[in-house]
Chemist: 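Submitted below is the structure of interest, expressed as structure tokens.
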Amino acid sequence: MALHIVLVEPEIPANTGNIARTCAATGTHLHLVRPLGFRTDDATLKRAGLDYWHAVTIEYHDSFAEVLEKYSEGRFFYATTKAEKRYTDFAFRDGDFFVFGKETKGLSPEILEAGKETAMRMPMGRAVRSLNLSNSAAIIVYEALRQLDFPELF
């Protein structure tokens with residue numbers, strides 16, 4: 001099993017590249033939901049991921065509904081600034097999916113409504129609207145790994 005990061009319509013190649021690097025370091029699977037705001041041969045994307053792309057298990061999906069259908073037995077958690085619960089309020093398990101929306105708008109109201117029971121936020125001051133996407137993904141993956149007592153990754 002492995003943890004999963006799902007990026008729904010990511011827009012900034014550097015964020016996706018940084019998240020791919022985190023995935024490579026942690027054995028987390030990366031799911032990219034189209035449309036993407038960049039080409040996958042984008043130099044910025046590749047530069048951010050450095051030379052770790054070979055170590056990333058990556059899947060492309062045409063919609064978030066496709067992800068839900070393919071992984072219907074999975075547990076999905078939704079990162080949003082609009083959630084009541086904090087990410088530390090959940091007990092994560094191996095195989096969980098962490099879903100993030102596009103950088104400029106987050107997850108759609110439809111996705112958030114369907115996932116409201118497992119929507120989670122990161123506490124932060126009011127000086128900013130949100131944390132950087134790649135930082136948020138890393139924080140949540142490492143919290144899940146901490147809860148799992150950092151299982152042997154490789």
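Everything quoted here is computed from the prediction, not taken from an experiment.
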Chemist: T28 and side chain to side chain contact (heavy atoms under 4.5 Å, CB included): which partner among I19, T22, V56, V141?
Modeler: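 So the option named by the test is V141.
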Chemist: Grab the two heavy atoms, one from A2 and one from D94, that are nearest each other, plus how far apart they are.
Modeler: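 Distance-wise, the nearest heavy atoms are N-OD1, 3.3 Å.
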Chemist: Main chain of A83, side chain of R121: is a donor-acceptor contact present, judged purely on distance under 3.5 Å?
Modeler: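 Present.
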Chemist: Does a side-chain heavy-atom distance below 4.5 Å link F92 with L3?
Modeler: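 F92 vs L3: side chains apart.
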Chemist: Compare every heavy atom of I58 with every heavy atom of Y60, then report the nearest pair and how far apart it is.
Modeler: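 The answer is OH-CD1, 3.6 Å.
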Chemist: To the closest 0.5 Å, what do you measure between CD1 (I111) and OH (Y78)?
Modeler: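 Rounded to the nearest 0.5 Å, the CD1-OH separation comes out at 7.5 Å.
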Chemist: Ring centroid separation for F98 and Y87, is it under 6.0 angstrom?
Modeler: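 No, too far apart.
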Chemist: Please answer whether the main-chain N or O of K105 pairs with a side-chain N or O of E11 as donor and acceptor at a distance below 3.5 Å.
Modeler: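 Side chain of E11 to backbone of K105, a donor-acceptor pair under 3.5 Å: no, none is there.
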Chemist: Which residue in the set L131, T81, T88, T80 passes side chain to side chain contact (heavy atoms under 4.5 Å, CB included) when paired with M122?
Modeler: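 For M122, the side chain to side chain contact (heavy atoms under 4.5 Å, CB included) test succeeds with only one of L131, T81, T88, T80, which is L131.
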Chemist: Please check if the side chain of T118 supplies one atom and the backbone of F76 the other of a donor-acceptor pair under 3.5 Å.
Modeler: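 Yes: the side chain of T118 pairs with the backbone of F76.
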Chemist: D89: what forms a salt bridge (charged side-chain N to carboxylate O under 4.0 Å, His left out) with it, not counting sequence neighbours?
Modeler: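 D89: salt bridge (charged side-chain N to carboxylate O under 4.0 Å, His left out) contacts with R86.
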Chemist: For R93, does the CZ atom have more than 12 heavy-atom neighbours from other residues, nucleotides or ligands under 6.0 Å away?
Modeler: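 Result for CZ/R93: open.
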Chemist: Could you go step by step and tell me if E143 and R146 meet the side-chain contact (heavy atoms from CB on, under 4.5 Å) rule?
Modeler: CA-CA 5 Å; E143 172 59 17; R146 184 195 67 78; 2.8 Å; yes
